[in-house]
Every structure is written in C-alpha cells, then in structure tokens.
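Read through the structure below, which is laid out as structure tokens, and then see the notes.
All ligand and atom numbering here is 1-based and tracks the order in the structure. Every value quoted in this text rests on a predicted model; they were computed, and no experiment measured them. Numbering starts at 1 and runs along the sequence shown.
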Amino acid sequence: YVDTETESAQKPGAVLIVYLSRTKNTKAVAEMIHRNVGGKLVAIDLGNPYPENYQQTVAQVSNENSSGYLPPLKTTIDSIGKYDIVFVGFPTWGMRLPPPMKSFLSQYDLSGKTVIPFNTNGGYGIGSTFDTVRALCPNSTILEGYTTRGGLERDGQLLMIKEQKARQTESEVKDWLRKLKMI
Ligand SMILES: Cc1cc2nc3c(=O)[nH]c(=O)nc-3n(C[C@H](O)[C@H](O)[C@H](O)COP(=O)(O)O)c2cc1C
C-alpha cells in the first residue's frame with residue numbers, strides 16, 4: 001500500500017536556476033547546482049548587452065545603479081508559477097546586485113517561493129547583493145546563499161572556476177546543497 005498523497009506532499013518542488021554571467025564563473029556554479037539538483041537552467045540575457053569593454057561596463061552599471069534603471073531582459077520564463085524553488089545566481093558588480101538581476105526579481109513575482117542566492121566575485125565578497133535579493137523578494141523564503149571567488153576582469157582574470165578550482169567549488173556546492181536539504 002502506497003500513500004500517494006503523502007508521497008506527493010513530500011516531493012521536493014520544481015526547481016528553476018536563473019543566473020547572470022558575463023565571463024562564465026557564475027555559469028559554472030549554476031551548472032554544478034543543475035547537475036546535482038536538476039530542474040530548469042536559464043541564463044539571463046539582455047535585450048541590449050553590455051559593452052565588451054570592462055571600464056565602459058563599469059561606468060554603465062554605475063549610471064544604472066544611480067538612476068535605478070532596470071535593463072529590459074531578452075530572457076523570458078514561461079509559467080514562473082510552476083516553480084517552488086528558485087536559485088538566483090549573479091556576480092558582484094560594484095559591490096552591488098547587477099541591474100539585470102534587479103530586473104529579473106522586479107519582473108517576476110517570487111512570493112511564496114523558496115529563493116536561494118549564489119554569487120561569484122573578484123575577491124571583495126558579496127557586498128550588498130544578498131541583502132538586495134532579500135529586499136526584492138519580501139514574500140519569499142530566502143535560504144542561506146553560497147559565494148565563491150570567481151575571476152577579476154579588471155585584472156584580466158576571466159573564467160577562473162575551472163580545473164582544480166572547479167573541483168573544489170563543486171565539493172563546496174554539494175556540501176551547501178546537502179545542508180539546505182536540496183540533495
Ligand atoms: C562591471 C563589473 C563590476 C565588478 N565589480 C566587482 C566588485 O565590486 N567586487 C568584486 O569582488 N568583483 C567585481 N567584479 C568581478 C566579478 O564579480 C567576478 O569576476 C565574477 O566572478 C564574474 O562572474 P561571471 O564570470 O559569472 O561574469 C566585477 C566585474 C564586472 C564585470
């Protein structure tokens with residue numbers, strides 16, 4: 001005899017993993033989460049991408065942060081309602097949450113869902129990024145986030161989460177996911 005109602009009630013919810021990544025460090029972490037947890041993996045693409053030039057991008061991001069501009073996204077998520085757990089991944093930009101991730105969190109209603117942030121940065125940490133996720137998801141349950149050092153484009157370090165660093169990061173990601181009972 002199988003109590004199907006209890007079984008379905010205990011099934012972990014549908015998982016969405018949304019990430020923003022310019023030099024693929026955050027993408028590498030997103031793929032690790034996806035390999036271990038499954039679900040739908042979605043990259044955030046912009047209608048109007050940032051310049052290739054790093055300094056120009058820094059300047060544009062700074063202007064967007066000052067004015068509160070939310071860049072329009074090219075990515076759309078169909079039926080956000082069907083997901084119960086939403087991982088949101090992003091680099092630290094100017095010690096803040098990148099404007100495209102602010103666009104995503106402003107555009108989609110994650111009320112009632114579990115939101116789990118993850119981050120890569122150039123060595124200066126998460127800054128205000130996790131706090132801003134919390135502020136933009138006032139009706140979500142926010143679980144403990146994960147952060148690791150990625151690249152530092154300013155100094156020409158692009159994708160650094162590879163080889164030994166990738167193996168170490170995946171082992172940390174698994175420990176974190178176990179702690180959150182996601183695996
Ligand atoms: C516009 C811009 C601003 C950045 N600002 C910071 C920062 O304030 N602090 C930091 O530690 N790293 C900063 N970085 C470095 C990135 O956070 C780091 O390289 C990250 O791993 C990039 O992730 P990605 O490869 O997924 O794009 C910045 C990078 C860019 C492009």
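- Listed by atom number, the atoms of ligand 1 under 4.0 Å from Ser21 heavy atoms are 24 (P), 25 (O), 26 (O), 27 (O).
- Considering each of Met95, Arg96, Glu153, the one bringing a non-hydrogen atom nearest atom 9 (N) of ligand 1 is Met95.
- Within ligand 1, counting atoms from 1 as listed, the ones closer than 4.0 Å to a heavy atom of Thr26 are 23 (O), 24 (P), 26 (O).
- Annotation for Ile44 and Leu20: closest pair O-CD1, 3.8 Å, computed over non-hydrogen atoms.
- Note: Asn25 CG to Gln157 CD = 9.5 Å, rounded to the nearest 0.5 Å.
- With respect to atom 20 (C) of ligand 1, the closest heavy atom belonging to the protein is Thr120 OG1, 3.2 Å.
- The backbone of Lys24, and not its side chain, has at least one atom closer than 4.0 Å to an atom of ligand 1 (non-hydrogen atoms only; backbone = N, CA, C, O).
- Residue contact check: Gly94 has heavy atoms under 4.0 Å from atoms 3 (C), 4 (C), 5 (N), 6 (C), 7 (C), 8 (O) of ligand 1.
- When hydrogens are left out, the protein atom nearest atom 27 (O) of ligand 1 is Arg22 N, 2.7 Å; that is the closest non-hydrogen contact.
- For ligand 1, the polar-atom distance check finds no N/O of Thr57 at less than 3.5 Å from any of the ligand's N/O atoms.
- Here the heavy atom of the protein found nearest to atom 28 (C) of ligand 1 is Thr92 O, 3.4 Å.
- Taking a cut-off of under 4.0 Å to the non-hydrogen atoms of Tyr54, the atoms of ligand 1 that pass are 2 (C), 29 (C), 30 (C), 31 (C).
- Using a 4.0 Å cut-off to heavy atoms of Val58, the atoms of ligand 1 that qualify are 1 (C).
- For ligand 1, the atoms lying closer than 4.0 Å to a non-hydrogen atom of Pro91 are 17 (O), 20 (C), 22 (C), 23 (O), 27 (O).
- With ligand atoms numbered from 1 in the order given, ligand 1 contributes 11 (O) to contacts under 4.0 Å with heavy atoms of Gly123.
- The protein non-hydrogen atom at the shortest distance from atom 12 (N) of ligand 1 is Gly122 N, 3.0 Å.
- Taking every heavy atom of Thr23 and a limit of under 4.0 angstrom, the matching atoms of ligand 1 come to 22 (C), 24 (P), 25 (O), 27 (O).
- Proximity annotation for atom 30 (C) of ligand 1: of Tyr124, Tyr50, Trp93, Phe90, Trp93 comes nearest, heavy atoms only.
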